Amino acid sequence: MKKITVSLFNNKGGVGKTTIAWYLGTSLSHLGKKVLLIDFDPQCNLSIATLGSEGFACYLNTSNEYPYGKTIRAFVQPYIQQNKKIDKVYVAKPKYLPKDGPTPDIVPGDFWLNNFADILNVGTDVIAGSGLYRFLILHNLVEQIEINKKDSYDFVLIDLPPSFNTLVRSALYCSDYFIVPCTPDLFSAYCVGLIGEVLPDFITDWEQGKKRYLSANPYDDVVPTKGQPKFGGWIFNGFDTRKKTGSSIVQETGADKAQFEKIYLAIKEKLLPNLRKLSYYSCIPGFVTADPIARIEDLNVMAPDSIVQNIPIKYLPLAKPTRDIGRGSWSLSQRDLMSKIDQEFDNLARYMISNF
């Protein structure tokens, strides 16, 4: 199977990009796929969730031997600022290691990524075509990891900041697909429409720079394959449900259902039509519609518990709730919800395996 790189992307914060990347990577690993998670968000929430705050701090520590620590910075900063070929890349394993299966590898993030975002220059590096490989740093990073491991990944999942900054551009230029998580709130529909307006500009900038670059480097076989991220679908995340009186059917609450309809219309009437206007490549695969590719209910207290204990949702039922460690256990309804959501992530993983 060809390696597939997927960005979890939305310029709106608080939509669950980090937990989705973590739980989805866990499901893909559980289904037998080799997965690499990349924390490309300067907030480093994915690193903290998977490695624990103390574990992550160890990767941030610098010394004479490790002047840039053991994070993504150790590869990126020398590569960008000193034009050095870097063959030492640090890959971590999550703090929680299940007994019954593999887990994703993780490239720890770094707060220094804020500085890296300032170093990248769209006008000079992209549009002028003189620094396209500065924006392909994640491609080079993964390639070097695979060389070191003497093995290849099936999926690379990238957690991104809630922005349209240069980090996001860089990740999208390196991605085969992007997935857009949305939550039931007033701004998700607006942000989805905005993605449809902004992404085509990103691609136009890349195409201009690519043309200039290839005129001087006609035999380059990497650049022509990049800058073509396809929309893999959207995820409705964090909604509440309830049973109708006198019925066993569970559905979204009225308010969340109304927000769902707004997002659905924004996808159907704004995002998809704008992405279809891209003439450089087909941005909308045939299997994608305006319907969400996953519906993930609000985990309530279980989401922060998952992060505090550094245990993904698939294995959280095996642990005790933080408030009751040593004496309590999850309620039956909580276990049912965790199982339901875990199945939804497994189904999403199967969707990606089948279609991407």
Side-chain angles (χ1 to χ4, degrees), residues 8 13-31 35 37 39 41 43-59 92-106 108-109 157 159 162 181-185 235-243 248-253 255-256 259 294-349:
L8 279 300
V15 296
K17 293 186 294 293
T18 296
T19 52
I20 288 172
W22 182 20
Y23 298 169
L24 179 56
T26 301
S27 284
L28 285 165
S29 295
H30 186 73
L31 293 172
V35 181
L37 304 177
D39 191 347
D41 184 348
Q43 298 178 87
C44 301
N45 290 330
L46 181 61
S47 301
I48 296 168
T50 56
L51 303 174
S53 56
E54 292 182 2
F56 175 49
C58 293
Y59 285 90
K93 275 294 184 184
K95 183 177 179 179
Y96 181 82
L97 298 172
K99 297 178 181 179
D100 64 343
T103 60
D105 291 336
I106 304 155
L157 305 182
D159 187 26
C182 297
T183 47
D185 56 70
I235 297 172
F236 190 44
N237 183 48
F239 59 88
D240 290 316
T241 61
R242 68 180 179 187
K243 290 183 181 179
S248 61
I249 298 175
V250 177
Q251 62 181 27
E252 293 98 334
T253 62
D256 287 358
Q259 294 299 336
R295 292 173 179 259
I296 301 167
E297 290 183 47
D298 185 3
L299 272 167
N300 300 311
V301 298
M302 290 166 281
D305 211 309
S306 169
I307 294 171
V308 167
Q309 297 198 57
N310 313 118
I311 302 176
I313 195 66
K314 180 175 288 295
Y315 304 109
L316 192 60
L318 303 176
K320 293 182 179 294
T322 301
R323 67 184 185 282
D324 292 326
I325 284 179
R327 59 184 179 84
S329 61
W330 299 106
S331 68
L332 180 60
S333 62
Q334 288 174 322
R335 288 179 178 275
D336 287 344
L337 180 56
M338 284 189 279
S339 176
K340 181 180 180 181
I341 291 176
D342 178 44
Q343 284 298 313
E344 190 71 4
F345 275 104
D346 283 353
N347 291 337
L348 175 57

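Every value quoted in this text rests on a predicted model; they were computed, and no experiment measured them. If you read the sequence from its start, that first residue is 1, and numbering goes on from there.
For the residue pair P181 and I20, the shortest heavy atom distance occurs at CB-CD1, 3.6 Å. Across all their heavy atoms, I106 and K93 have their closest contact at CD1-C, 4.4 Å. Here the shortest heavy-atom pairing between Q43 and P162 reads NE2-CD, 3.7 Å. Closest non-hydrogen pair, S29 versus P102, comes out as O-CG, 3.3 Å. For the pair K320 and W330, the tightest heavy-atom approach, listed with the atom from each and the gap, is C-NE1, 4.2 Å. Pairing each heavy atom of P104 with each of P94, the nearest pair is O-CD, 3.3 Å.
Between K17 and D159, no side-chain nitrogen of the basic residue sits less than 4.0 Å from a carboxylate oxygen of the acidic one, so the salt-bridge criterion is not met.
Checking side-chain atoms of N347 against main-chain N and O of Q343 turns up a donor-acceptor pair under 3.5 Å. Checked by atom type and distance alone, the side chain of N310 pairs as donor or acceptor with a backbone atom of I48 at under 3.5 Å. For S339 (side chain) and R335 (main-chain N/O), no donor-acceptor pair under 3.5 Å exists by modelled atom type.
Between D41 and L46, every side-chain heavy-atom pair lies at or beyond the 4.5 Å cut-off.
The OG1 atom of T50 lies 10.5 Å from the CG atom of N45; values are rounded to the nearest 0.5 Å. Here the CG-CG distance, from L37 to L8, works out to 9.5 Å after rounding to the nearest 0.5 Å. The CG atom of D342 lies 11.0 Å from the CG atom of L337; values are rounded to the nearest 0.5 Å. Rounded to the nearest 0.5 angstrom, L318 CG and Q309 CD are separated by 11.0 Å. The CD1 atom of I311 sits 8.0 Å away from atom CG of D305, with the distance rounded to the nearest 0.5 Å. Annotation: the span from L157 atom CG to W22 atom CH2 amounts to 14.0 Å, rounded to 0.5 Å.
A donor and an acceptor atom, one from each side chain of S27 and D346, are located under 3.5 Å apart. There is a side-chain donor-acceptor pair under 3.5 Å between Y23 and S306. With 3.5 Å as the limit, one finds a donor-acceptor pair spanning the side chains of D39 and S47.
Remark: of the listed residues T183, I341, I313, I341 is the sole one forming a side-chain contact (heavy atoms from CB on, under 4.5 Å) with I296.
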Point to revise | Full working for side chain to side chain contact (heavy atoms under 4.5 Å, CB included) between K314 and F345 | key: CA-CA 9 Å; K314 180 175 288 295; F345 275 104; over 6 Å; no
Review point. Does the pair D298 and D256 meet the rule for a side chain to side chain contact (heavy atoms under 4.5 Å, CB included), with working shown?
Key: CA-CA 11 Å; D298 185 3; D256 287 358; over 6 Å; no
Point to revise | Step-by-step side chain to side chain contact (heavy atoms under 4.5 Å, CB included) determination, T103 to Y96 | key: CA-CA 9 Å; T103 60; Y96 181 82; over 6 Å; no
Exercise for review: Apply the test side chain to side chain contact (heavy atoms under 4.5 Å, CB included) to residues T19 and I307: give CA-CA distance (whole Å), side-chain angles for both, the deciding distance (0.1 Å), then the verdict.
Suggested key: CA-CA 9 Å; T19 52; I307 294 171; 4.2 Å; yes
